[in-house]
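Presented below is the structure to which this report refers.
Letters A, B, ... mirror the listed sequences (proteins, then strands); counts begin at 1.
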Amino acid sequence: MDIPKTYDPKQAEERHYANWESQGCFAPEINRDPNAPVYSIVIPPPNVTGSLHMGHALQHTLMDVLTRFKRMSGHRTLWVPGEDHAGISTQIVVERELKREGTSRHELGREKFLERVWQWRHESGSRIMQQMRREGASVDWSRQRFTMDEGLSRAVNEFFVRCYEEGLIYHGEGMINWCPRDQTALSDLEVDKEAQAGKLYYLQYPVKGSDRRVTVATTRPETMLGDTAVAVNPTDERYLDLVGATLLLPLVGREITVVADVFVDPLFGTGAVKVTPAHDPNDYAIGARHELPLVKVIDQHARMTAGAGAEFEGLDRYEARERVVAKFEELGLLEKVVDYEFSISKCGRCRTVVEPLISLQWFCRQSELARRPLDLMRERREPRFVPENPYEKVYTNWLENLHDWTLSRQLWWGHRIPAWYTEDGRTIVARSEAEARERAGTDRLTQDPDVLDTWFSSALWPISTLGWPDETPDLEMFYPTSVLITARDIIFLWVSRMMMTGVKFTGERAFDDVFITGTIFDKHGQRMSKSKNNGVDPLEIFDKYGVDATRLVLASIETTDTRWNENQVESYRNFANKIWNAARFCLMNSEGARVGQGFAERRADWALHDRWIVSRLNRTARIVGEAIEKYQFHLAVQTLYHFFWDDFCDWYIELTKSEVTGAEASPAREAARSRVLTVLEQALRLLHPFMPFITEELWQMLPGIGDEQLHPAYAAAPLTIMLAAYPQAREELIDERAEGEMQAIIELVSRVRNIRSEMNIKPGEAVPLVVGAPDAEARAVFEAGAQQIARLVRASSISITETLDAPRASARAVLGGGAELAVPLEGLIDFAQERERLRKEEEKLTKEAERLRGQLANENFVARAPAEKVAELRQRMTDIEQRTSALRQSMEAFAE
RNA sequence: GCUCGCUUAGCUCAGUUGGUAGAGCGCACGCUUCACACGCGUGAUGUCGCAGGUUCGAGUCCUGCAGCGAGCACCA
């Protein structure tokens, strides 16, 4: 067999994914066990306009690890892929295209424009779905969904209609965030607060029938044109006599009153607040409490309206601001202007400063929908957040403080609001136009022109992708989903809303667990972003180091924020190569061997290194299995890395090499080869969820692979490692004694290697080795392993006796259990140097002995610490004493 | 203002019931040892942000402080 020395990831990546996909390995139907436990995940649907970034790759890796692990463990697994239509984002992308072509959506008209968007979606809108194949994501493509699919749109209408009928959705005037550039309403979650250096203007309003003036402070002087009151705190003695008084609004001449409202903070500014109910959310609330009139002075283009007066009409809001301030100054009513930092709301999409406006929109009363999810959290702590802190609290606090959700968007791309208006002014909300006509008793209907917030359909994602509102077998089988893996910035926009709708329509949580990933920053700790152009493209990393290596890095990130570190990928690329070469070695020596064979019936007949590696393997399977269940991906990766590299490669392969590479075919050689292959095959299975490609590539090459490796649930399925049974730890094979004995051999070998290195013995030069072990069992272990030890340390001979019997001119070392070793170095040894080496060793031991002695002499410790802890320390003390005394004897040999 | 994180080896990070500080990279020395130089062997490196406290014992629990960061509220 001719296997290259270096692993080429691309080659394997190209082949296997297509095979898995075409053979239907990703679909839950591949599982033939009717009683199989179910595991399901819905993907956070990426925006159809997006391209794969590290955050996606991170989430997808974790979802794939879980899905593959559960699938191999015999679960009926489903991971649903799909995309979000991403209302504004997509519309902007297509509008930009139109602009390049010299046209616009308005020229095209609604129908043509939508056709154009669909065309765009089909031609270039599924990039991420294609990129996911590269990642190895084992999603069920037969169930791929798009939020604008017919079925999902039906779910949207059903959701809307039911909520409307229950009064949870209503149509009315309300204070909303308006983006003057995108020309649409936005929900509170779609605007970002940003710190802004600005000014605070102190304006004076004359009191009618008096010389007195009331000074108000504002950051937005232009809105004074729409003021309909000034508010003060009812307890503020400065203004007590003015409550109810009439003020003359400068520039406008309108008479407005002074009202008392607890909202006003007497300590801020002047303690008097101008109230513009039509253009500020807080003022709107004050206005409602005091039944103040609404005067609209700013329009949807952020320009002043006729209501602002002829002098200002048509001015941009910022021009108007300057003009107003100038006027106040002229009139001597501008008290002062001070620098002031405040926060400003910007459109999450285009960064334009949003304008709070009163507008006729559709709203959803979310607080009603939040009630049952809150109960679920309080009563059953569902869903379970990972990490629990701070997200459980963040989620709960959010649900407890919900405002109404602005649903309608003045866009064309999205789910059209299922509301129709009759000519006589009635509103009909229905699942379809046909239903609306029937209900209205007329065909003369006009549908509401607006579409729904893109998050409205996202809120239904777990149920709509599974078939809701129909009672489908998928919904029955896969809901509630097992886990949601997502980024923290959409907990409110998405996670909490999925819980609200899921609970409302099914009575059950949308997912058992919610795993919030960490954030990947660039190497300077900056957030990766398009504008900063500091993003690391996952596909470039895949090209450079392979998908498997990248996945190991991503899986290790877990929930903590991390700076991107390419060295880490390189080290896992090296790990992949290590796996490749270990397998290469096994395959080069596989003639006559088969996976699954080579281990004798009776374990008592196994050699120490076989008992040891099987013990390590099972221990690894236990730790890894438990770690994945607990979302401790980093622990799982570390454990696998060290098992494979340290235990399997550095020790097991080296220990068995002479047997495995024997020149003559023999039953013993073939059995040894089979054992190595068997351990390798199990290791590949353990690694597969993290490294799907290299493990499949190698697994397919192993001799003896067949149905018996597959999990019973996949009995007749194609032979692929992704359907092999995930190794379960067999506790009876975890052998503490074998591990202890092996540890003694490892220590012996290490000490000799240390001497060789320190004494500058040439690697090729063989030296004799003398071992003295007072303990008979230890002696037996060393004797049994003598040949292997000799190979590992390049010993020309090994002599093992009860007491050390070595020439004076030897380098020495002590081992556990009072054993010691010597490497005779006639003519080569520098006595002074060796004395110094041993003295340092003794110093270390003495230091530790002192600490231990102190601890054991402490009556409080002995009395209060757990008995086993005390026993453990005593055991260590004994060992150190033995070592020290052996060491002292060695040193005597060098006494001058 | 409220809530919460992080601060461990030069770098990026682990450290799961409190019980002798770890990994990878990097560094030093030596190796074309017949799977792998993307490798092998050996070695050096930390007063675990600071100050207190609880405890026989604290990187780990509590309090305060500092630096960095996140979310929420407010911002007239």
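- Within the cation-pi definition used here (under 6.0 Å to the ring centroid, within 45° of the axis), Lys199(A) does not qualify as a partner of Tyr340(A).
- Distance check on atom C1': U55(B) versus A14(B) gives 26 Å, rounded to whole Å.
- Salt-bridge annotation for Lys544(A) and Glu570(A): absent, with no side-chain N of the basic residue lying under 4.0 Å from a carboxylate O of the acidic one.
- In this structure, C61(B) and G53(B) make a Watson-Crick or G-U wobble pair, each of the two defining distances being under 3.5 angstrom.
- Using a 4.0 Å cutoff on non-hydrogen atoms, the parts of residues 558-565 of chain A near RNA chain B are Thr560(A), Thr562(A), Arg563(A), Asn565(A), ordered by number.
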Under 3.5 Å, which N/O atoms of the protein pair with N/O atoms of nucleotides 4-10 of chain B?
{"from": "G5(B)", "atom 1": "OP1", "to": "Asn389(A)", "atom 2": "ND2", "distance (Å)": "3.4"}

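- Of all the residues in residues 750-760 of chain A, Arg753(A), Asn754(A), Ser757(A) reach under 4.0 Å from RNA chain B with at least one non-hydrogen atom.
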Walk me through whether Ser187(A) and Glu190(A) qualify under side-chain hydrogen bond (donor to acceptor under 3.5 Å, both in side chains). CA-CA 5 Å; Ser187(A) 73; Glu190(A) 291 167 299; 3.1 Å; yes
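- Between the C1' atom of G57(B) and the CG atom of Leu873(A) lies a distance of 10 Å, rounded to the nearest Å.
- Atom CD of Glu566(A) is separated from atom P of C13(B) by 15 Å (rounded to the nearest Å).
- Across all strands shown, nothing is found opposite C74(B) as a Watson-Crick or G-U wobble partner with both distances under 3.5 Å.
- Within 3.5 Å, no donor on the side chain of Gln568(A) pairs with an acceptor on the base of A23(B), nor the reverse.
- Ion pair Arg853(A)/Glu848(A) not flagged as a salt bridge, since none of the NZ, NE, NH1 or NH2 atoms sits closer than 4.0 Å to an Asp/Glu carboxylate oxygen.
- Pair check for U17(B) finds none; no Watson-Crick or G-U wobble contact set falls under 3.5 Å.
- Under 3.5 Å, the side chains of Thr276(A) and Asp227(A) contain a donor-acceptor pair of N or O atoms.
- A distance of about 15 Å separates the P atoms of U45(B) and A9(B), rounded to the whole Å.
- Of the listed residues (Leu680(A), Leu677(A), Val676(A)), just one forms a side chain to side chain contact (heavy atoms under 4.5 Å, CB included) with Ser590(A), and that residue is Leu677(A).
- Under the Watson-Crick or G-U wobble criterion, with both distances below 3.5 Å, C31(B) is paired with G39(B).
- With respect to the salt-bridge test (charged N to carboxylate O, under 4.0 angstrom), the residues Asp261(A) and Arg289(A) qualify.
- Following rounding to the nearest Å, Leu189(A) (CG) and G71(B) (C1') show an atom-to-atom distance of 13 Å.
- Under the 6.0 Å cut-off for aromatic ring centres, Tyr391(A) and Tyr395(A) do not qualify, their centroids lying 6.0 Å or more apart.
- A donor-acceptor contact under 3.5 Å is not formed by the side chain of Arg584(A) with the base of C36(B).
- A salt bridge between Glu747(A) and Arg883(A) is present, with a side-chain N of the basic residue lying under 4.0 Å from a carboxylate O of the acidic one.
- Taking a pair to require two hydrogen-bonding distances under 3.5 Å in either a Watson-Crick or a G-U wobble arrangement, A9(B) remains unpaired.
- Within the structure, every side-chain polar atom (N or O) of Lys762(A) is placed at least 4.0 Å from both OP1 and OP2 of U33(B).
- When rounded to the nearest whole Å, the span between CD1 of Ile628(A) and C1' of U16(B) equals 17 Å.
- Shown here, C48(B) forms no base pair; nothing in the strands shown gives a Watson-Crick or G-U wobble contact with both key distances under 3.5 Å.
- Rounded to an integer number of Å, the gap from CD of Glu868(A) to P of G18(B) is 14 Å.
- Contact detail for Arg584(A) and Ile3(A): the closest heavy-atom pair is NE-O, 2.8 Å.
- Relative to the six-membered ring of Tyr652(A), Lys657(A) misses at least one condition, a distance below 6.0 Å or an angle of at most 45° to the axis.
- In terms of phosphate contacts, Asn574(A) brings no side-chain nitrogen or oxygen within less than 4.0 Å of OP1 or OP2 of A37(B).
- Between the side chain of Lys5(A) and the base of C36(B) there is no donor-acceptor pair of N/O atoms closer than 3.5 Å.
- Taking atom CE on Met588(A) and atom C1' on C34(B), their separation rounds to 8 Å, with Å as the unit.
- Taking 3.5 Å as the limit, the base of U20(B) and the side chain of Gln855(A) contain no donor-acceptor pair of atoms between them.
- Aromatic rings of Tyr641(A) and Phe575(A) (six-membered ring for Trp) have centroids within the 6.0 Å cut-off, being under it.
- With respect to Arg669(A) and Glu659(A), no salt bridge is recorded, no charged nitrogen being found less than 4.0 Å from a carboxylate O.
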